[in-house]
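Quantities reported herein were computed from a predicted structural model and do not represent experimental measurements.
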Protein chains: 2
Amino acid sequence: MTVKTRRQEYVEATRTALLDSAGRLFTEKGFAHTSLDEVAASARVTKGALYHHFSSKQALFEHVLEGVNERIAEAVMSAGGNADDPWERMTSGLDAFLDACLDDEYQRICLQQGPAVLGWERCREIEARMMGLLDAMLAELADSGARLTPSPLLTRVLFRMVSETALAIGEAEDKKAARAEAGELVTGLLASILRGAPTADEG
Amino acid sequence: MTVKTRRQEYVEATRTALLDSAGRLFTEKGFAHTSLDEVAASARVTKGALYHHFSSKQALFEHVLEGVNERIAEAVMSAGGNADDPWERMTSGLDAFLDACLDDEYQRICLQQGPAVLGWERCREIEARMMGLLDAMLAELADSGARLTPSPLLTRVLFRMVSETALAIGEAEDKKAARAEAGELVTGLLASILRGAPTADEG
DNA sequence: GGTTATTACATACTCTCGGTATGTTGCCAT
DNA sequence: ATGGCAACATACCGAGAGTATGTAATAACC
């Protein structure tokens, strides 16, 4: 690999600036009410530069979403990685995910706008990274004797269940309280689904 | 109440035609890719008539969504109403809901486009009717001794869980098989959540 | 029952905005 | 040096949401 030239750095910086501006504006005003001129101006370039880097408004949004999603997936993965017990990995990963969901950008872009702009199908392809984490955890739990038959549909439904609590947290006035309530509820639900026991700590 | 004049009938027919055309086009091509000229032409009027009846494209969509939602809620309610056992009312209502989800219009408008066009908040206000049904069923189950503590969040999460299976059905190639798989999964999950038992019939 | 107001549209227009076509400038290879 | 390409800027186009205005039919009022 060659050392990056100064020019290449500039290019990358421009691209990053565009993605950052787009992320911020899409989050604040939504996809439909954000104009590309606005995004470009906010990144101190013109629409020409934007279209040089991204083929369409939708493509720009897609790259923004991928970035946000990747960032959250990273956080979840690093949180769940250190525990020994699979159930503990699951719950700590879940906690990390719910915490990450306090992030406005993830809320608006990935959970709200994403499905409508790109369609659920494409959106779930991007979510595959995150979904894969959940899937792996479910498989581990199944191996370690949990009462569950893993299936893509189950993974998907559970993921959406957690996402919904994430949305609920985002809409609540008292986010701390909502976060706490959501954590308890989700843990309890997963416990009763996966273990057949009321709660995690009573089992 | 006075007898409806012929002119009032015409007006109502025009409005209904606009809603029907909009519903069909929004379903086929999505909200963003449907032009109001197209909707108007399909209803054999002009955009002037459309804007006389609806204040904006979004308002038009909102009325369409309300109509579709009401239709489905009606079906679910009439399906669950005749059983005696609350659990049976729940499962039969669920079946009706999943069946209704085979409806393309409900899929695309209420589950796909709705949240992004109107926002989750407004969308859930409209869904309140449906949500209320689920809430009432949960309350009944709680009364009849099910192990669960009803809460708005629980209702919401369970509703989204079922909705997700609905989306999965809609995307599947073999909808019959997907419908069957979804039915089993949802019933099983609800059973383990609400009763602490693996499945409904084993409990 | 003639005048006026209002309803229910149609027509014509504006203006924002996504997308494109066409410069322009500097770096890099040969 | 110079041709070419990368990384932008500038100028333009067309589609479509929303608006302003016109108009025919009906309803309201005296």
Worksheet entry | Contacting residues from residues 17-34 of chain B, given that a heavy atom lies under 4.0 angstrom of DNA chain D | Thr34(B)

Taking NZ, NE, NH1 and NH2 as the nitrogens, is one of them in [X] or [Y] under 4.0 Å from a carboxylate oxygen of the other?
X	Y	value
Arg89(A)	Asp84(A)	no
Asp174(A)	Arg179(A)	no
Arg15(A)	Glu12(A)	no
Glu28(B)	Arg108(B)	no

Distance in angstrom units between [X] [atom1] and [N] [atom2], rounded:
X	N	atom1	atom2	value
Tyr51(A)	dT22(C)	OH	P	17 Å
Leu36(B)	dA17(D)	CG	P	4 Å
Glu9(B)	dT26(D)	CD	C1'	15 Å
Gln58(A)	dC17(C)	CD	P	19 Å
Gln8(B)	dT26(D)	CD	P	13 Å

Fill in: Contacts of type side chain to side chain contact (heavy atoms under 4.5 Å, CB included), residue Glu171(B), not counting sequence neighbours
Trp120(A), Glu121(A), Arg124(A), Arg156(A)

Worksheet item: Phe54(A) versus Leu19(A): any side-chain heavy-atom pair under 4.5 Å?
Response: yes

Report all interatomic pairs (protein N or O, nucleotide N or O of nucleotides 9-13 of chain C) with separations under 3.5 Å.
| unit_1 | atom_1 | unit_2 | atom_2 | d |
| --- | --- | --- | --- | --- |
| dC9(C) | OP1 | Thr14(B) | OG1 | 3.3 |
| dC9(C) | OP2 | His53(B) | NE2 | 3.1 |
| dA10(C) | OP2 | Thr46(B) | N | 2.7 |
| dA10(C) | OP2 | Thr46(B) | OG1 | 2.7 |
| dA10(C) | O5' | Thr46(B) | OG1 | 3.4 |

Discussion item. side-chain hydrogen bond (donor to acceptor under 3.5 Å, both in side chains), that's the test. Do Asp104(A) and Thr27(A) meet it? Break it down for me.
Written reply: CA-CA 7 Å; Asp104(A) 259 14; Thr27(A) 301; over 6 Å; no

Worksheet item: Between atom CG of Asp143(B) and atom CG of Leu138(B), what is the distance when rounded to the nearest 0.5 Å?
Response: 11.0 Å

